[in-house]
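Take a look at the structure below.
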Amino acid sequence: MLALDLADLDATLRLAAALAPHLAAGDMVALDGTLGAGKTEFARALLRARLGDPAIDVPSPTFTLVQLYDDPTGTVFWHFDLYRLKDPDEVLELGWDDSEDGVRLVEWPDRLGDLTPQSRLVVRIEAGDGDGARRATLSGHGMWVQRLADLRLQLGPASLASS
Ligand SMILES: Nc1ncnc2c1ncn2[C@@H]1O[C@H](COP(=O)(O)OP(=O)(O)O)[C@@H](O)[C@H]1O
Ligand SMILES: [Mg+2]
């Protein structure tokens, strides 16, 4: 587990950008946290970093439930917002099985129920100390236990410092 204090929105965006290059096809990032925690901000910054385009439009998938992005290496990123899901099976209609070949960024991952993949990186974002502050807790499951351990230095407090 890796716990990080995010002093402001910029710190959240830098953490997401630091994670971006380390994701590969087959990976899932579960974005946990309440409404307004910063899950979409995190996903947007991750996608912009990975796609190499800081201006690219990354709408919240609140209504579409899923948005797809192709990164320059041909990896497809699937950005899900499962808040409105009533039954885990509904995610199958969104292309859940196909998304296994890409990278899954999932808001409201608890909606997946039994479909939750064993291997995943969980990024939990919560309120922090003060206005605009957040606390991020990263935890690895399955193969992500070791991968998170390997990434501690890249994702640690140093990744949050403004350059
Ligand atoms: N440190 C921070 N990290 C992430 N979001 C922040 C932070 N500080 C303030 N915010 C604001 O909180 C809101 C988070 O919204 P959003 O990412 O859509 O939340 P969620 O997807 O978790 O519901 C945005 O308005 C953002 O500007
Ligand atoms: Mg959101």
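Quick caveat, the model's predicted, so the values are computed rather than measured. Each ligand, and each atom within it, is numbered from 1 in the order the structure gives. Counting from 1, the numbers follow the sequence of the chain as shown.
- Side-chain polar atoms of Gln154 and Ser159 form no donor-acceptor pair below 3.5 angstrom.
- Against a heavy-atom cut-off of under 4.0 Å, Leu35 is close to the following atoms of ligand 1: 23 (O).
- When each atom of ligand 1 is checked for a heavy atom of Thr34 under 4.0 Å away, the hits are 22 (O).
- Taking every non-hydrogen atom of Glu107 and a distance limit under 4.0 Å, the qualifying atoms of ligand 1 come out as 21 (O).
- The backbone of Asp8, and not its side chain, has at least one atom closer than 4.0 Å to an atom of ligand 1 (non-hydrogen atoms only; backbone = N, CA, C, O).
- By the criterion of a heavy-atom distance under 4.0 Å, both the backbone and the side chain of Leu9 are placed next to ligand 1.
- Under the 3.5 Å distance criterion, the side-chain polar atoms of Arg84 are matched with a main-chain donor or acceptor of Thr62.
- For the Mg ion (ligand 2), the nearby protein N/O/S atoms, meaning those under 2.8 Å, are Thr40 OG1, Glu107 OE1.
- A salt bridge is absent between Asp5 and Arg134; no separation between the charged side-chain nitrogens and carboxylate oxygens falls under 4.0 Å.
- Side-chain N or O atoms of Arg48 include none that pairs as donor or acceptor with a backbone N or O of Ala45 at under 3.5 Å.
- At least one N or O atom of Gly38, backbone or side chain, sits closer than 3.5 Å to an N or O atom of ligand 1.
- From Arg147, atom CZ reaches atom NE2 of His141 across 14.0 Å, with rounding to the nearest 0.5 Å.
- Among protein heavy atoms, the minimum distance from atom 18 (O) of ligand 1 is reached at Thr40 CB, 3.6 Å.
- Protein heavy atom nearest atom 8 (N) of ligand 1, with residue, atom name and distance: Gly132 O, 3.3 Å.
- Proximity of a side-chain donor or acceptor of Glu100 to a complementary backbone N or O of Trp96 within less than 3.5 Å is not detected.
- One N or O on the side chain of Lys39 and one on the backbone of Thr34 form a donor-acceptor pair closer than 3.5 Å.
- Among protein heavy atoms, atom 26 (C) of ligand 1 sits closest to Glu41 OE2, 3.5 Å.
- For atom 12 (O) of ligand 1, the closest non-hydrogen atom of the protein is Arg134 NH2, 3.1 Å.
- For the atom pair Leu2 CG and Leu151 CG, the distance stands at 9.5 Å (nearest 0.5 Å).
- The CG atom of Leu138 sits 12.5 Å away from the CZ atom of Arg124 when rounded to the nearest 0.5 Å.
- Rounded to the nearest 0.5 angstrom, Asp87 CG and Arg111 CZ are separated by 12.0 Å.
- Note on ligand 1: Gly36 sits in its first shell, one or more heavy atoms being nearer than 4.0 Å.
- Checked by atom type and distance alone, the side chain of Asp71 pairs as donor or acceptor with a backbone atom of Thr75 at under 3.5 Å.
- For Leu6, no nitrogen or oxygen atom sits less than 3.5 Å from a nitrogen or oxygen atom of ligand 1, counting backbone and side chain alike.
- Numbered from 1 in the order shown, with element, the atoms of ligand 1 that lie under 4.0 Å from a heavy atom of Lys39 read 17 (O), 19 (O), 20 (P), 21 (O), 22 (O), 23 (O).
- Going from atom CG of Asp27 over to atom CG of Leu105 covers 10.0 Å, rounded to the nearest 0.5 Å.
- Closest to atom 3 (N) of ligand 1 among all protein heavy atoms lies Thr12 OG1, 2.7 Å.
- Residues forming a side chain to side chain contact (heavy atoms under 4.5 Å, CB included) with Pro59 (at least two apart in sequence, or on another chain): Asp57, Gln67, Tyr69.
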